[in-house]
Amino acid sequence: MSGRSEQPLRIELTTGDGCVRVVLRGELSHHSAPALERRVRSIPETDGPDLELDVSDLTFCDSAGLATIIGVQRRAARRGGSVVLRGVQGALQRVLETTGAGVLFPAHPGQDSRMA
Amino acid sequence: MGLRHEMHPDAESVISGGASEVRRDGGRIRTGRAPLVISSKDADIGRAGADLGGGVVDAPSAVPSAPAAPERDRSLAGRLLDGSATGMLARDPGGIVRSANEAALRMLPGVRVGELLPPELAALAAGPRDPELTLGGRRLTARRQELADGWLAWHVTDVTDAHQRLDTLLAERARSRFLAAASRRLGLSLHPGRTAKAVVELASERLADGAVVVLPGRAGESEWFACAREARPWTGSADLAAMPQELRDALAGAATGSRPMLAEDLAGQPWAARLGSAAAAAIVTLPGNGHPAGALVLLRREVDEVMADVVDTALTEEFSQRAGLALAAAALYAAQAGTAAVLKRSLQQPELPEVRGMTFGAAYRPAEEGLLIGGDFYDVHVDPAGGSATFVLGDVCGKGVHAAVSTGRLRHSVQALRRVERDPVALLRLLNDTMLDGSDPDAAPAFATMVLGSATPRDDGGVRLQLAGGGHLPPLVLRRDGVEEIEIGGMLVGAVPAARFEACTVDLAPGESCVLYTDGVVEARGGTDGLEVLGEERLAQLLVDGHLMPAQAIAERIEQHAVRWLSSGAHDDIAVLVVRAPGVPTAPDPVAVGRHLHSVRTPDDVAPEVGP
């Protein structure tokens with residue numbers, strides 16, 4: 001690759017209060033999306049089905065990134081849980097607006113992440 | 001045999017050979033081929049040396065019938081010299097051997113103490129100091145050393161075994177080199193024909209004078225490849241039934257390894273005429289993946305002593321393993337490539353159809369160039385009634401083969417469903433349900449964003465578009481006076497049950513175009529820092545004179561610009577579809593001159609309608 005390569009995606013997982021919190025920093029693209037998928041799949045069942053994705057430091061998100069976030073949402077929904085997006089802004093906000101996929105994610109208390 | 005030594009002046013037994021008698025004559029020794037024996041009265045070496053000059057030397061009056069075994073030198077020096085593995089030999093200025101230890105006598109037959117050196121050894125007094133010679137089937141080195149008073153000594157070493165070891169080592173190295181070269185060369189191609197040609201070329205270089213590879217037959221026909229040493233390979237096919245039984249056995253896997261066969265049995269084969277007559281032949285099965293990958297025939301023009309020597313068995317075995325694997329891999333690859341090519345053709349982007357009253361243009365560049373199929377797609381279908389067209393451009397979320405398979409399913413669904421549903425919004429809803437029904441809950445979700453539209457020519461030469469949005473990037477309309485972004489709305493397809501889709505109507509005047517594109521275009525990363533995305537603004541700038549361009553030129557300009565923008569080779573799929581109302585645009589509205597219509601909605605042209 002010439003030029004500058006994209007920023008890596010950093011994934012931080014914390015558990016507690018029956019909800020797994022995932023902080024995403026950097027770029028969620030077709031390069032880094034599989035890593036997020038693997039990390040989320042590795043969360044043990046005992047940690048409960050609910051997920052909170054903190055995307056306030058996400059600097060880029062393409063359609064493959066969105067696909068992964070929706071995949072995460074579907075998996076949680078099948079297990080009776082939900083995925084809350086916290087700090088939606090920038091690229092992810094645009095993608096959610098364009099695709100209308102915001103309806104899949106309930107608004108976090110005190111924060112409007114529902115995109116129509 | 002005992003040591004005869006005259007180096008020590010005190011050794012009285014030195015010159016005690018009873019049968020020995022040498023006559024000297026003015027320093028010249030007159031002799032025939034008969035061995036000369038030194039007269040050994042003078043034991044003093046100094047004297048002996050001096051005496052040699054003027055001593056009496058004569059031809060022996062009588063040759064002893066059988067030289068008696070000389071007595072052993074019992075002196076310490078003699079014992080020490082006898083114990084050495086190196087042959088040691090000393091000669092006086094007259095050419096008479098004055099000393100030879102046991103090893104020298106063993107290695108140099110014909111040398112006797114007190115006699116002249118045999119001529120082939122006498123010649124070593126001149127020339128290289130460290131020559132090599134072959135005597136009695138042994139290889140020897142004889143290092144010459146000058147001693148005092150014109151004496152010469154040689155240190156003789158038997159290097160036969162060392163040479164043999166070296167020869168074996170060199171031969172083994174040559175084998176390894178050949179096998180390594182063969183592996184490299186055989187690994188170069190995954191094409192069965194080219195691999196078979198490499199096999200016969202390599203085999204005829206090293207293993208035989210000529211080589212033939214016969215590949216397993218299909219429907220009784222077998223392909224063969226032949227090569228003579230230092231010639232180019234050639235190929236043909238032949239009836240398997242007409243081949244010798246040994247060949248058919250090898251191809252059927254009934255025989256393994258290498259076996260000699262009668263050269264005459266191969267005389268009638270199609271390659272025989274050009275390969276020339278053979279005196280000996282061997283056949284080698286080339287082991288493949290479960291069954292033989294082929295049979296290798298090795299031909300020799302001349303017979304070696306025994307038929308078993310037709311081939312270097314170990315080397316041939318090693319080579320045949322490699323050749324068989326390479327042929328099997330090539331055959332497997334060819335089969336898979338054939339399957340992939342058939343699948344790929346069904347997934348590749350289509351030729352655009354001719355539709356009366358409008359033109360289409362498209363560009364496509366998949367992310368995985370090796371595959372030439374990806375998650376982006378477009379299609380244009382002429383409506384069965386004619387006179388209008390359905391078109392779609394979309395992006396299946398995901399990448400690579402999985403995305404390509406989902407894309408294929410989606411495209412076929414559009415193709416089928418458009419026959420029962422003409423309304424773009426209703427069509428999107430049907431697609432949404434189809435994708436949700438078919439999705440495997442454990443597999444990665446398959447959904448897509450897309451714009452699906454219908455195009456109908458208008459009486460004024462323009463084209464009316466019905467555009468339905470499935471969560472895709474807004475299309476651009478290239479007007480006479482600028483670029484307009486059409487926000488349709490709608491949600492991505494295949495992700496949510498009962499998703500909401502929207503549509504709008506856009507009229508294109510003659511010369512105007514509508515551009516659909518995927519996010520690979522606007523998210524192409526490059527610019528000065530290599531990270532900046534191309535973006536909608538730059539794309540719109542690029543197309544301000546788009547109304548002057550044919551549809552295909554617009555599509556290609558966008559694709560090329562996006563690719564140039566990319567700072568690195570890696571990128572997402574890129575797809576562009578352009579529908580254009582043919583004709584020359586009329587002069588722009590004076591009011592609109594210079595107006596850059598980006599993201600401006602014209603209420604007259606665009607009438608958004610929200611899907612139920």
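Per chain, numbering begins at 1; letters A, B, ... match sequence-line order.
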Discussion item. I want to check something: taking the side chain as every heavy atom from C-beta on, are B/Thr449 and A/Thr98 in contact at a cut-off of under 4.5 Å?
Written reply: no
Worksheet item: For A/Arg25, what residues pass the salt bridge (charged side-chain N to carboxylate O under 4.0 Å, His left out) criterion, not counting sequence neighbours?
Response: A/Glu12, A/Asp57
Discussion item. The criterion is side chain to side chain contact (heavy atoms under 4.5 Å, CB included); which residues satisfy it with B/Val392, sequence neighbours excluded?
Written reply: B/Phe377, B/Asp379, B/Val414, B/Met450, B/Leu452
Item to complete: Could you walk me through whether A/Ile70 and B/Leu492 pass side chain to side chain contact (heavy atoms under 4.5 Å, CB included), step by step?
Response: CA-CA 11 Å; A/Ile70 293 177; B/Leu492 72 176; 3.7 Å; yes
Worksheet item: Within a strict 4.5 Å, meaning less than it, do heavy atoms of the B/Met491 and A/Val103 side chains meet?
Response: yes
Practice prompt. With rounding to the nearest 0.5 Å, note down the distance linking CD in B/Glu536 to CZ in A/Arg94.
Written response: 7.0 Å
